[in-house]
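What follows is a short report on a single structure.
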Amino acid sequence: MSRSDDRYNVKETEEKWQRVWEDRQAFLATEDASRPKYYVLEMFPYPSGRIHMGHVRNYTLGDVVARAKRAQGFNVLHPMGWDAFGLPAENAAIERGVHPGKWTRENIAAMREQFKPMGLSIDWSREVSTCEPEYYRHEQKMFLDFLKAGLAYRKRSWVNWDPVENTVLANEQVIDGKGWRSGAAVERRELNQWFLKITHYADDLLAALDGLPRWPEKVRTMQANWIGKSEGARVFFDLAAPVAGHDEAHVEVFTTRPDTLFGASFVALSPHHPLTRALAERDPRLVEFIAECDRIGTSEEAIETAEKKGFDTGLTVRHPLDPSWELPLWVANFVLMDYGTGAIFACPGHDQRDMDFARKYGLPVRAVVAPKDADVAAFSKELAETATDAFTEAGVAVNSGFLDGLATTEAKRAAIARLEELGKGKGTVQFRLRDWGVSRQRYWGCPVPVIHCDSCGIVPVPEDQLPVTLPEDVTFDKPGNPLDHHPTWKHVDCPTCGKPARRETDTFDTFFESSWYFARFADPKNETAGFGKDKAGYWLPVDQYIGGIEHAVLHLLYSRFFTRALRDCGYLDVAEPFDGLFTQGMINHETYKDPNGKWVEPGDVEKLPDGTARRLSDSAPITVGRSEKMSKSKKNTVDPTRIIDTYGADAARLFMLSDSPPDRDLDWSDAGIEGAWRYLNRLWRLVTDAGVDLGTAGAALPDALPAEAMALVRAAHKAVAGVTDDLEALRFNTAVAKLRELTNAIGDAVKDPAKADGAAVRFALETVVRLLNPMTPHITEELWQRLGHTTSLAETAWPNADPAMLVENTVTLAVQVNGKLRGTVELPKDCPKEEAEAAALALPNVQLQLEGKAPRKVIVVPGKIVNIVA
RNA sequence: GGGGACGUGGAGAAAUUGGUAAACUCUGGCGACUUAAAAUCGCCCGGCUUCGGCCUUGCGGGUUCAAGUCCCGCCGUCCCCACCA
């Protein structure tokens, strides 16, 4: 065939193989007890309407794993779906008057078409979309089961209110005092809300992190910190006198340092504490103080700059271990209502914040813990009178009556024991984690399936009346929840008493849907339940989950909780949904600004040879900024569809996998994608136009090969072993490097008639094609066919490395003198130590270093190194 | 303030986990082919050098025959959490 006619036609080839895979239903998954299963899942996308480079990276990573595992004999499940509820759909409705359902479904259709050219090995028959009643009806049933099990409840409480999104947010969705999507400063509101009892599993969610070795350490640490377990005690400080309008006779505080109780200086209440509110009823100055506290935000700067402020109530409380000792009761702006009990006892000597507060307001400071072997009198005097730094370390209890002399750990234990004996406290474990508020005052979500009846209270919707579907005829012309404004939808008769009642108009947080979708994929068509226990039992847990680290304490924690809740309600038998987790890095791109400081798109920028850049349209000088995460606001995005149109999916995939380790950020560059494209074309030419007779497909390698041909065969075997290891460990960048190395070796071999052995070259080329297949599936299928094979690589087993081929006959030993490299020697593989030593000592440069003296010592590490100590 | 990660050529990175630092790639330079360009192919690309070599993994110590890798102390960058009692 003519050389020039046989250029690689990307479009034709990629479409051809996508058709072949689809016709053969190559990636359809069915349960099969005879093979080990492998469930690969990437975090499913929100249907924004356009795929972005982050998607390309995410789904490429997963696809490589899925294809490699399939070739290695696993029964692979690799599904795709849509996280389809959420606010952008509602915003589109408000801005453009399009119904959220229509907007979402059109986006899904558009994105599906954008994903297909990527050539992903997905079982599309399992596609799910969370906004359809076929999906969300099952989570309504789950919610009713959670209600029965006491894992869901309704409570009036202080919540995070996002004034832009007009809805409540969960604690996990408030970042630095701002809404995670809107960026608006979050307000505090007291509302009736539905909660899921994630705190019921706090201890288990924390302890079980140790059982997830295939999760990144970082994510486990983040979850552990979020759950935030601290051990301590609840302590009761009796009010010296009863307070009108307040029932409690004591103030309950939480402390992790009960050993410092004798250093107590005052007790401080949160501005939102019920007692504070009772006191404010008759003290306008306190009302003003509370208002002042509320004005200070919870952002980083606010906290850093906010002064510690207090309000002396004039009341006193009795010390739990010495009732004759009365302590002043303050209200302080730094005491949080939603951690612990909303009240603290302050020990300025051993807590920095309390120290600052005490010095400011002239409150006493007492030393009750001293460093081991310290001069107690001097230490106490200094701490009490002049110190501004608290002593916060562990030590020995002093000035503390019965605790004196005990080390901090023992003192804590003894203090708790005494408190319990006196009925003045209790040892306890406090978690930072709070229950998951799932109510959202929005339309485009799953309706909470309950009815409010004036006579019967909260009535769950009877199961035979599920699903509670969203009404289609809604308007978005008024602010607030369209379900609330709907003329008829919320009016129903009470299922219990038949009297007129109202539907709950809150919908679930969208993280509700994503907390169980991985189980739905195991049995996506099930109409009677979210999934069958048998099918979930076969596929779960997910063996490899891949997504962004931004969900470390959101989706990933909710899913772990949800799976436990489902287990306890009898849905499945696993506790952990994701056995292996991989968090990929972001895609970055340089940023460009014009002389007016406006962002400029990469497509409108030309880089000049002198290192500067200018705008294509008007030649204005462009400032090149640092590489940052691709975002629309900075205009530094690159459209994947355009890249795939130009270079093909294989080149885009290969670039994603090359160079940067997948957990690190990747800089997108035109040069990078060009490099991947060049490599694929080079491989194409090597196979289609090797200039060597490659023989026929399936022919066995001759037993005897010339040494140089043998070296190429060995290199191929080494690549099989290396690439297989790399893929297993998700080291795609080094896998690509090894394949390029082998390709370079083939390129060298075919150029040299002395080295160009057809059988060896064929073997090496076939090895490259097979190993590269999970990464660039289209071109490798085509090349496999052109090499004379009739099977599809999607149905071909992974190659095996022959261990005998991995060992070299000779090795190059490094020769060091005093740890510094001074030469190398080439020796047979199993050369005795003595010979290696002799060969090393014979090197001229070694002799020079020794200056005629005898070596003091020689270390020989067989096959590696000889180190001579002079 | 608490926790974590990282620091290697002009850039992305690699280093068999303590054993020849810089594989693989990008950018750049020189050359071949071409009327020319693109594409392609070849060579060079950490520093110094008296051309024998010598030095080099943020800085300073340490352990070891041997340290990019382990330990201690700094410096720097990034991420997460945070008035958490």
Side-chain angles (χ1 to χ4, degrees), chain A residues 7 175-177 216-226 228 230 232 253-257 260 268 270 296 298 300 302-304 306-309 332-336 338-347 350-354 356-357 392 430-432 549-550 552-553 607 609 627 655 658-661 663-667 669-676 678-679 681-682 685 722 725 731 733-744 747 751 812-824 844-845 848 855-861 863-870:
Chain A
R7 299 272 291 278
I175 315 290
D176 193 20
E217 183 75 44
K218 185 186 168 91
V219 175
R220 283 185 283 158
T221 307
M222 281 167 74
Q223 290 210 355
N225 290 342
W226 188 262
S230 29
V253 309
F254 172 72
T255 179
T256 55
R257 293 296 300 272
T260 63
S270 162
I296 300 166
T298 49
E300 193 178 339
I303 287 162
E304 215 122 278
E307 240 184 300
K308 308 283 170 277
K309 281 192 178 161
N333 63 351
F334 61 85
V335 182
L336 303 173
D338 27 51
Y339 183 76
T341 60
I344 60 160
F345 91 83
C347 176
H350 306 284
D351 180 284
Q352 191 56 47
R353 204 189 31 213
D354 294 347
D356 297 344
F357 193 88
T392 55
Q430 181 71 40
F431 290 95
R432 214 188 71 109
I549 192 143
E550 65 271 18
V553 287
K607 297 269 200 89
S627 204
F655 173 58
S658 309
D659 296 345
S660 281
D663 52 341
R664 266 186 241 176
D665 287 1
L666 174 92
D667 274 332
S669 71
D670 293 342
I673 182 84
E674 290 276 356
R678 268 202 302 274
Y679 170 76
N681 279 283
R682 205 169 134 232
R685 288 193 301 272
D725 279 359
R731 288 187 302 252
N733 55 325
T734 52
V736 171
K738 287 180 176 108
L739 287 168
R740 296 187 89 129
E741 214 174 341
L742 179 57
T743 310
N744 290 345
K751 259 177 287 183
T812 310
L813 288 187
V815 179
Q816 296 181 335
V817 178
N818 291 333
K820 293 209 189 300
L821 184 73
R822 301 300 176 190
T824 57
N845 199 27
L848 198 75
R856 282 200 289 160
K857 193 174 171 187
V858 179
I859 291 117
V860 181
V861 183
K864 293 223 160 122
I865 206 162
V866 180
N867 192 16
I868 297 154
V869 188

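Chain naming here is simple, since letters A, B, ... match the order of the sequence lines and numbering starts at 1 in each.
With hydrogens and angles ignored, a donor-acceptor pair closer than 3.5 Å exists between the side chain of Lys308(A) and the base of rC83(B).
Residue Arg220(A) places no side-chain N or O under 4.0 Å from the OP1 or OP2 atom of rG3(B). Within the structure, a side-chain polar atom (N or O) of Arg682(A) is placed less than 4.0 Å from OP1 or OP2 of rC41(B). Contact between the side-chain N/O atoms of Arg353(A) and the OP1/OP2 oxygens of rG1(B) is not found at any separation under 4.0 Å. Considering only side-chain N and O atoms, Arg678(A) lies under 4.0 angstrom from the phosphate OP1 or OP2 of rC26(B). OP1 or OP2 of rA14(B) sits under 4.0 Å from a side-chain N or O of Arg664(A). One finds no side-chain N or O of Asn845(A) lying less than 4.0 angstrom from the OP1 or OP2 phosphate oxygen of rG52(B). Side-chain N/O atoms of Asn744(A) include one lying less than 4.0 angstrom from OP1 or OP2 on rU25(B).
If you check every strand for non-hydrogen atoms under 4.0 Å, Gln816(A) touches a base. As judged by a 4.0 angstrom heavy-atom cut-off over every strand, Ser669(A) is placed among residues making no nucleic acid contact. Using a 4.0 Å heavy-atom distance criterion, Val861(A) is classed as a base contact. When heavy atoms are screened at a 4.0 angstrom cut-off, Asn867(A) is found touching base atoms of the nucleic acid. Residue-level contact check: Thr824(A) touches the bases, meaning some heavy atom is under 4.0 Å from a base atom. In this structure, Gly675(A) reaches the sugar-phosphate backbone alone: every heavy-atom distance under 4.0 Å involves primed, P, OP1 or OP2 atoms, never a base. Nucleic acid contact class of Val553(A) (heavy atoms, under 4.0 Å, all strands): none. Across all strands, Asp354(A) comes closer than 4.0 Å to no nucleic acid atom at all (heavy-atom distances). Backbone-only engagement by Lys820(A) is indicated by non-hydrogen atom pairs under 4.0 Å involving sugar-phosphate atoms exclusively. At a threshold of 4.0 angstrom between heavy atoms, the contacts of Arg856(A) with the nucleic acid are absent. Using a 4.0 Å heavy-atom distance criterion, Arg432(A) is classed as a base contact. Nucleic acid contact for Asp338(A): none, since no nucleic acid atom lies under 4.0 Å from a heavy atom of the residue. Counting non-hydrogen atoms under 4.0 angstrom, Asp659(A) reaches a base of the nucleic acid.
At least one side-chain heavy atom of Asn818(A) sits under 4.5 Å from a side-chain heavy atom of Val869(A).
As rounded to the nearest Å, rG68(B) and rC81(B) have C1' atoms that lie 31 Å from one another. Using P as the reference atom, rU20(B) and rA5(B) are 26 Å apart when rounded to the nearest Å. Taking the P atoms as reference points, rG3(B) lies 35 Å from rG10(B), given to the whole Å.
Residues that satisfy the side-chain hydrogen bond (donor to acceptor under 3.5 Å, both in side chains) test with Thr734(A), not counting sequence neighbours, are Asp726(A).
Residues Thr734(A) and Asn225(A) both approach RNA chain B. Their nearest nucleotides, taken by heavy-atom distance, put Asn225(A) toward the 5′ side.
Atoms CG (Leu821(A)) and P (rC55(B)) sit 11 Å apart, rounded to a whole Å. rC6(B) atom P lies 10 Å from atom CG of Asp663(A), rounded to whole Å.
Of the candidate nucleotides rG19(B), rA13(B), rA85(B), rG19(B) has the atom nearest to the side chain of Lys864(A). Here the nucleotide nearest the side chain of Ile865(A), chosen from rC24(B), rU20(B), rG53(B), is rU20(B).
Under the Watson-Crick or G-U wobble criterion, with both distances below 3.5 Å, rC43(B) is paired with rG29(B).
Salt-bridge annotation for Glu217(A) and Arg220(A): present, with a side-chain N of the basic residue lying under 4.0 Å from a carboxylate O of the acidic one.
The two residues Val335(A) and Gly342(A) have their closest heavy-atom pair at CG1-O, 3.6 Å.
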